[in-house]
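For clarity, every value in this text was computed on a predicted model and none was experimentally measured. The sequence lines fix the lettering, A, B, ..., with proteins before strands; numbering per chain opens at 1.
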There are 2 protein chains.
Amino acid sequence: MDQVEIFKALSNKTRLQILTWLKAPELHFPEQPNADFENVGVCVGQIQMKSGLSQSTISEYLSILQRADLISSTRLGQWTYYKRNKEGLKKLSDIINTEI
Amino acid sequence: MDQVEIFKALSNKTRLQILTWLKAPELHFPEQPNADFENVGVCVGQIQMKSGLSQSTISEYLSILQRADLISSTRLGQWTYYKRNKEGLKKLSDIINTEI
DNA sequence: TTGGTATATCGGAAAAAGTCGATATACATT
DNA sequence: AATGTATATCGACTTTTTCCGATATACCAA
């Protein structure tokens, strides 16, 4: 993944917020039936509601974050759940600490 | 400094390159008379030549990086020298490791 | 003070990103 | 099969970013 794309993904207030929400879902989202935060993450609808932006915008933002390897998704039934991708975030941390 | 502005500053190929160049100036720039890399950094003209972009663009890019606290400047005579800002980069690293 | 060099700022054209509503797709239920 | 719900994709419009050339400013040297 291109470094620039990672930073572009992070250079938007809402996308940064989504990442902080996903860091501690239990603090930011109501309980979910049938899917726990730790394993699968949070579904798109919950994130969209909290953000206040449109469904299409949030869907796109999530795919931008996913293309940058900052989050990953799991489909369960009609829902798509997103959670933090620890490996991608670790790689980002390494870039900051060793390349710039 | 707003987090989003930091990531915006980083979401451009040339600006990222400038930061990597400034991390090891002795590897990327010729010797400078009257100013050592460690103390004052590298002058705008050297950075501009290496980048291949116009003088005005590089001047603007450097001020974007400076506004994000990623680099700092020193004026010596008619030259402005830029170098990495370790504190700002440390703060960025902390954001990555604790907030997202 | 005049001219030369280094950098900063301004104004603009082109490209990219932000954001929406409408529509498509995927899955579940009846 | 038909309907309903969740998410993804498309097309359009607006705002922001990229990058330039021209000009202004700051400093130096003669």
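Residues K90(B) and E87(B) are not paired through a salt bridge, judged by the lack of any N-O separation under 4.0 Å between the basic side chain and the carboxylate.
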* Can you check each nucleotide of nucleotides 25-30 of chain D against protein heavy atoms at under 4.0 Å and return B for base, S for sugar-phosphate only, - for none, in 5' to 3' order? => --BS--
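As rounded to whole Å, 12 Å separates atom P of dA8(D) from atom CG of L65(A). What separates CD1 of I47(B) from C1' of dA8(C) is a distance of 14 Å, to the nearest Å. Taking atom CZ on F7(A) and atom P on dT18(D), their separation rounds to 14 Å, with Å as the unit. When the C1' atom of dT9(C) is taken as reference, atom CG of L62(B) falls 14 Å away, rounded to whole Å. The interatomic distance linking L16(B) (CG) with dT17(D) (C1') rounds to 15 Å, in whole Å. Atom P of nucleotide dT7(C) and atom CE of M49(B) are separated by 11 Å, given to the nearest angstrom. If you take CD1 of I58(A) and C1' of dC20(C), they are 12 Å apart, rounded to a whole angstrom.
Partners of D36(A) according to the salt bridge (Lys or Arg N to Asp or Glu O under 4.0 Å) rule, which considers only residues two or more places apart in sequence or in another chain, do not exist here. For S72(B), the side-chain hydrogen bond (donor to acceptor under 3.5 Å, both in side chains) criterion is met by no residue, not counting sequence neighbours. Taking the side chain to side chain contact (heavy atoms under 4.5 Å, CB included) definition, one finds that Q55(B) meets it with Q48(B), S59(B), sequence neighbours left out.
Distance check: H28(A) NE2 to Q46(A) CD gives 13.5 Å after rounding to the nearest 0.5 Å. In this structure, the separation between CD on E99(B) and NZ on K23(A) is 9.0 Å, given to the nearest 0.5 Å. For the atom pair I71(B) CD1 and R15(B) CZ, the distance stands at 10.5 Å (nearest 0.5 Å).
If you check residues 39-46 of chain B against DNA chain C, the residues with a heavy atom closer than 4.0 Å are C43(B), V44(B), G45(B), listed by number.
The closest side-chain heavy-atom distance from T57(B) to T14(B) is not below 4.5 Å.
In plain terms, the two heavy atoms of G41(A) and Q32(A) that are nearest each other are O-NE2, 3.1 Å.
Y82(A) and V40(A) fall into different hydrophobic clusters, defined by Ile, Leu, Val, Met, Phe, Trp and Tyr side-chain heavy atoms under 4.5 Å apart, directly or through other members. Clustering ILVMFWY residues whenever any of their side-chain heavy atoms sit less than 4.5 angstrom apart, transitively, puts I18(A) in a cluster other than the one holding W79(A). Residues Y81(B) and I64(B) fall into different hydrophobic clusters, defined by Ile, Leu, Val, Met, Phe, Trp and Tyr side chains chained together at heavy-atom separations under 4.5 Å.
Below the 3.5 angstrom threshold, one finds no donor paired with an acceptor across the side chain of E60(B) and the base of dA8(C).
Close to dA8(C), at under 4.0 Å from its OP1 or OP2, lies a side-chain N or O of T80(B).
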Listing time: all N or O pairs from protein to nucleotides 14-18 of chain C that are below 3.5 Å?
{"residue": "dA17(C)", "atom": "OP1", "partner": "K8(A)", "partner atom": "NZ", "Å": "2.9"}
{"residue": "dG18(C)", "atom": "OP1", "partner": "N12(A)", "partner atom": "ND2", "Å": "3.4"}
{"residue": "dG18(C)", "atom": "OP1", "partner": "R15(A)", "partner atom": "NH2", "Å": "3.3"}
{"residue": "dG18(C)", "atom": "OP2", "partner": "R15(A)", "partner atom": "NH1", "Å": "3.2"}

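Contacts of L53(A) with the nucleic acid, taken as non-hydrogen atoms under 4.0 Å apart, involve only primed sugar atoms and P, OP1 or OP2. Using a 4.0 Å heavy-atom cutoff across all strands shown, Q48(B) reaches no nucleic acid atom at all. At a threshold of 4.0 angstrom between heavy atoms, the contacts of Y81(B) with the nucleic acid are absent.
Which of dT19(C), dA22(D), dA22(C) sits closest to the side chain of S56(B) comes down to dA22(D).
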